[in-house]
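Read through the structure below, which is laid out as structure tokens, and then see the notes.
Lettering of chains follows the sequences in order, A, B, ..., and the numbering in each one begins at 1.
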Number of protein chains: 2
Amino acid sequence: MSVRLDEIDRKILVELQQDASQSLDEIARKVGSSKTPVWNRIRKMKDAGIIARQTVLLDAEALGLEACFFVLIRTSEHEAEWQRKFLATLRARPEVLEAHRLAGDIDYILKVRVKNARAYDQFYQALISEVKIYNVTALLSMEEIKFTTILPV
Amino acid sequence: MSVRLDEIDRKILVELQQDASQSLDEIARKVGSSKTPVWNRIRKMKDAGIIARQTVLLDAEALGLEACFFVLIRTSEHEAEWQRKFLATLRARPEVLEAHRLAGDIDYILKVRVKNARAYDQFYQALISEVKIYNVTALLSMEEIKFTTILPV
DNA sequence: TATGAAAGCTAGTATCA
DNA sequence: TGATACTAGCTTTCATA
């Protein structure tokens, strides 16, 4: 599954990450190649799963999703059944944009985007009513200093 | 700047977020409209800044970026000049995917993606050598349970 | 507003060097 | 392999209802 990428592959990925609406000819010109090889490289990287999805990024503020919380979770439960239910809950909730299982004394971190603090509280109440959680700390974002989906390739 | 979205606009945003490579005809069919009105709605939402960017999402693991850290930062410095330098550093560092200024006793949270723990340490050393930081806690992700850029519209 | 037609581009493929 | 040429289908625009 691990495809070795050369300089041109990397340049293509940079361009696509920055603006996926560019035409093949445009990308080819920028990376110093021509259409067909660029097209073949992109296809190869899609097949290899390196390019996962093509999407649009929306402005959360413009959509009225003005509150962003990072939620630190400690749990006393570590059985498989509890975990299955917890994960299913997170995956089902559209306001949960990210969830990670952590090493260390904090077990999980979530990134949650909602309209306002009240909407967060509703999410929180729903979560703790569905699964038993030992300790929750919510960190409220005052300002998004940086957000990028561009990975350094 | 706030554009009111109707049901069709929302459906279009759902489709575009799920797969931006779909043709206009396909989206039009799914949302129960036709090509030109869908195109006009998309253009309006781009102009309004609701649709911010069109991009591809890459698979970090496939690219060898196997370590993800959430970094909790406390600082004793709160002057404008310190903050300016801190933000400039974060923005310049491609391994910093997200940075938020927080309310509460933790001042900042970062999401950092790197190849491995050593690469994180290099980032950490570079960061603390550039700006004075009072306290840093790094949370290591063991498993990405959920990651989505799809906002609930 | 939506529709349909029309113009100009682009993706994807085939062929050649 | 990479460049060139082709075409089907797409985006974008515009006239019309």
Side-chain angles (χ1 to χ4, degrees), chain A residues 1-65 148-153, chain B residues 1-60 62-64 148-153:
Chain A
M1 195 62 161
S2 98
V3 174
R4 257 227 293 279
L5 304 177
D6 65 12
E7 239 354 272
I8 293 178
D9 289 323
R10 282 174 217 284
K11 282 185 188 170
I12 292 171
L13 290 179
V14 169
E15 289 303 325
L16 285 178
Q17 289 189 99
Q18 278 170 4
D19 179 6
S21 71
Q22 294 176 93
S23 76
L24 280 177
D25 280 323
E26 218 166 334
I27 295 169
R29 190 178 50 75
K30 286 185 183 169
V31 306
S33 180
S34 64
K35 210 171 76 164
T36 310
V38 169
W39 189 82
N40 283 320
R41 284 164 184 271
I42 291 174
R43 192 168 54 85
K44 216 169 279 176
M45 292 191 284
K46 276 182 181 160
D47 291 347
I50 289 169
I51 298 174
R53 299 172 1 80
Q54 190 168 332
T55 188
V56 296
L57 300 182
L58 306 186
D59 183 329
E61 306 271 325
L63 287 166
L65 296 170
T148 183
T149 58
I150 299 181
L151 300 178
V153 290
Chain B
M1 196 59 163
S2 100
V3 174
R4 256 229 293 278
L5 303 177
D6 65 13
E7 239 356 271
I8 293 179
D9 289 323
R10 282 173 218 284
K11 282 183 186 171
I12 291 171
L13 290 179
V14 169
E15 290 303 324
L16 285 177
Q17 288 189 100
Q18 278 169 4
D19 179 6
S21 71
Q22 294 176 94
S23 75
L24 279 177
D25 279 324
E26 219 165 335
I27 295 169
R29 191 179 49 76
K30 286 185 184 170
V31 306
S33 180
S34 62
K35 219 164 58 167
T36 310
V38 168
W39 189 84
N40 284 322
R41 283 163 184 269
I42 291 175
R43 191 167 54 86
K44 214 168 282 177
M45 292 191 283
K46 277 183 180 159
D47 291 347
I50 290 169
I51 298 174
R53 297 168 8 76
Q54 189 167 333
T55 188
V56 297
L57 300 182
L58 307 185
D59 183 329
L63 287 165
T148 183
T149 57
I150 299 180
L151 300 178
V153 290

Kindly indicate whether the side chain of [X], heavy atoms from C-beta on, has any atom under 4.5 Å from the side chain of [Y].
X	Y	result
A:Val56	B:Leu13	no
A:Ile42	A:Leu24	yes
B:Ile12	B:Met45	yes

Whether the side chain of B:Arg53 engages the backbone of A:Gln18 through a donor-acceptor N/O pair (distance < 3.5 Å, no angle test) should be reported. yes

Whole angstrom is fine here: how far is it from [atom1] in [X] over to [atom2] in [N]?
X	N	atom1	atom2	value
A:Trp39	C:dT13	CH2	C1'	7 Å
A:Arg43	D:dG2	CZ	C1'	15 Å
B:Asn40	D:dT11	CG	P	14 Å
B:Ile42	D:dC10	CD1	C1'	13 Å
B:Arg41	D:dT11	CZ	C1'	18 Å

Which distance, rounded to the nearest 0.5 Å, do you find between the CD of A:Gln17 and the CG of B:Leu58?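 The CD atom of A:Gln17 sits 4.0 Å away from the CG atom of B:Leu58.
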
Among residues 21-38 of chain A, which ones have heavy-atom contacts with DNA chain C below 4.0 Å? A:Ser23, A:Leu24, A:Lys35, A:Thr36

Salt bridge (charged side-chain N to carboxylate O under 4.0 Å, His left out) partners of residues 24-37 of chain B, not counting sequence neighbours, each pair once: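 Applying salt bridge (charged side-chain N to carboxylate O under 4.0 Å, His left out) to every pair that reaches into residues 24-37 of chain B, excluding sequence neighbours, yields B:Glu15-B:Lys30.
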
